[in-house]
Number of protein chains: 2
Amino acid sequence: MSETQAPTKSDANQRSPFPNPDQQTAKKLAQTVERAAKVFADKSLRFTKLRQQVFEEIAATHASIGAYEILARLGDKGTRVAPISIYRAIDALLDAGVIHRLESKNAFFACRRTDHTVKGRRPIFLSCEKCGAVGEVDGQHIFDLIGEAAKEAKFTPRIKFVEVQGLCPRCTAAAEKA
Amino acid sequence: MSETQAPTKSDANQRSPFPNPDQQTAKKLAQTVERAAKVFADKSLRFTKLRQQVFEEIAATHASIGAYEILARLGDKGTRVAPISIYRAIDALLDAGVIHRLESKNAFFACRRTDHTVKGRRPIFLSCEKCGAVGEVDGQHIFDLIGEAAKEAKFTPRIKFVEVQGLCPRCTAAAEKA
DNA sequence: CGGACACCTGTTATGATATAACTATAACCG
DNA sequence: CGGTTATAGTTATATCATAACAGGTGTCCG
Ligand SMILES: [Zn+2]
Ligand SMILES: [Zn+2]
Ligand SMILES: [Zn+2]
Ligand SMILES: [Zn+2]
């Protein structure tokens, strides 16, 4: 781990959902992978080589990434696998809760928080239309209200998706300058 | 819950989001098509033959339907067109606001209300996992809260998706009996 | 140890969703 | 009418996702 200050759970969850990209160093990535490995270990799941490789490609960017883009990037690094293998790894990562699926783009991104690995807990996804960056913000209250609205219509809710497309802080600032 | 009077605009918006399927008569469908035609006319857009055919296939069911399913059903009726033509018609129908896209299923369904043809106004979508039925409920307050949550993260929201998967009233009742 | 078992991956094929690029035709307007 | 724009046809391809079956790997227990 780290010498100065290992990030605690609450640190990770209270950071801005859109951190500065140059915080995304190799060291950061290694920490993120380490965290994912721990999630797998805690659930007695196997963080296999392929799953780690797929996770690293997803976590290497703050943007969402499609399965075939992962496939291509692994291919560039000499790991040739079939699409189905990527999808199987993705499924395992989704089940573990270390990545999320962005429904509105059919793409995936790494979870940067520590409290989304429990089934059913879903945050609000914020996806930048300019640079692709994806952030998550908590919204338990909003999900509760959605559940109530559904029940008023006699509908029994099971899974709720809330996704927002727009401009991330960086791209918002860039647009305002122009 | 029973009236003899013809439905007015406000009636259409206040009906249950999951009407009884046997209300979906040929006459109802014709009225829905009529309403769509009026939306196109009001916006000086062309409700062409292909667009009408595609809309009829979508409006013929309360479930969501994929583009290739529309393609197949039109094919059965003798209208052979290429996928791209279906998608172009769908785009026009989406722009007009007479259908909606269900992101979590990559499928489309007819809007049964009269106040969703304005860009930006989006309801909450309720999609039944058992029978496929899709309903819409208003949720302006919820969308406002989502916008506020996004802005707190310095994110500029543009489009917000709220989709719920679960059981529609009918399937909920059926499940409770069992 | 070694066999049973569960789980993971490889291989091949295919299904499902969506768009690019170019051509042809139809509607609209002065 | 003729120019302009919107719509649709044609062909090809990109992108997203899974089925089916064979083979390999780790783990556990007798
Ligand atoms: Zn998360
Ligand atoms: Zn951005
Ligand atoms: Zn609607
Ligand atoms: Zn149902």
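Only this structure's heavy atoms are used, side chains among them; waters, hydrogens and symmetry mates stay out. Below, chain A is the first sequence line, B the second, and so on; all start at residue 1.
Between B:I90 atom CD1 and C:dA16 atom C1' the separation is 13 Å, expressed in whole Å. Regarding B:D91, its CG atom lies at a distance of 16 Å from the P atom of C:dT17, rounded to whole Å. Summarising the geometry, the separation between CD1 on A:I86 and C1' on C:dG10 is reported as 13 Å, rounded to the nearest angstrom. As rounded to whole Å, 14 Å separates atom C1' of C:dG10 from atom CG of A:L71. Rounded to whole Å, atom P of C:dT17 lies 9 Å from atom CZ of B:F108. Spacing between atom CG of B:L93 and atom P of D:dA6 amounts to 18 Å, rounded to whole angstrom units. For the pair A:F40 CZ and C:dC8 P, the interatomic distance rounds to 9 Å; values are reported in whole Å. Rounded to whole angstrom, the span from the NZ atom of B:K105 across to the P atom of D:dA17 amounts to 15 Å.
Counting heavy atoms from C-beta on, the side chains of A:K105 and A:E163 never come closer than 4.5 Å. Proximity of B:R158 to A:L167: side-chain heavy atoms (C-beta onward) are nowhere separated by under 4.5 Å. Looking at B:K130 and B:C168, their side chains never come closer than 4.5 Å, going by heavy atoms from C-beta outward.
Counting only heavy atoms from C-beta on, A:Y68 has its side chain closest to D:dA17 among D:dA17, D:dG9, C:dA18. Closest to the A:I84 side chain, of the nucleotides C:dC8, C:dT11, D:dA17, is C:dT11. When distances run from any side-chain atom of A:A82 to the nucleotides D:dT10, C:dT12, C:dT9, the shortest one goes to C:dT12. Listed nucleotides C:dT19, C:dC8, D:dT7 differ in distance to B:R46; the shortest reach to its side chain belongs to D:dT7.
Dashed line: the shortest gap from a side-chain N or O of B:R101 to OP1 or OP2 of C:dA18 is under 4.0 Å. Contact between the side-chain N/O atoms of A:S85 and the OP1/OP2 oxygens of C:dG10 is found at a separation under 4.0 Å. The phosphate of C:dA18 (OP1 or OP2) has a side-chain N or O of B:Y87 nearer than 4.0 angstrom. Side-chain N/O atoms of B:T48 include none lying less than 4.0 angstrom from OP1 or OP2 on D:dA6. Within the structure, every side-chain polar atom (N or O) of B:R88 is placed at least 4.0 Å from both OP1 and OP2 of D:dG9.
Both B:L45 and A:A107 lie close to DNA chain D; mapped to their nearest nucleotides by heavy-atom distance, the more 5′-ward contact belongs to B:L45. Taking for each of A:R51 and B:E69 the nucleotide of DNA chain C with the nearest heavy atom, the 5'-most of the two is the partner of A:R51.
Without hydrogens or angle criteria, A:R122 side chain to A:K160 main chain gives a donor-acceptor distance under 3.5 Å.
By the 30° and 60° cut-offs, the orientation of the rings of B:F125 relative to B:F109 is perpendicular.
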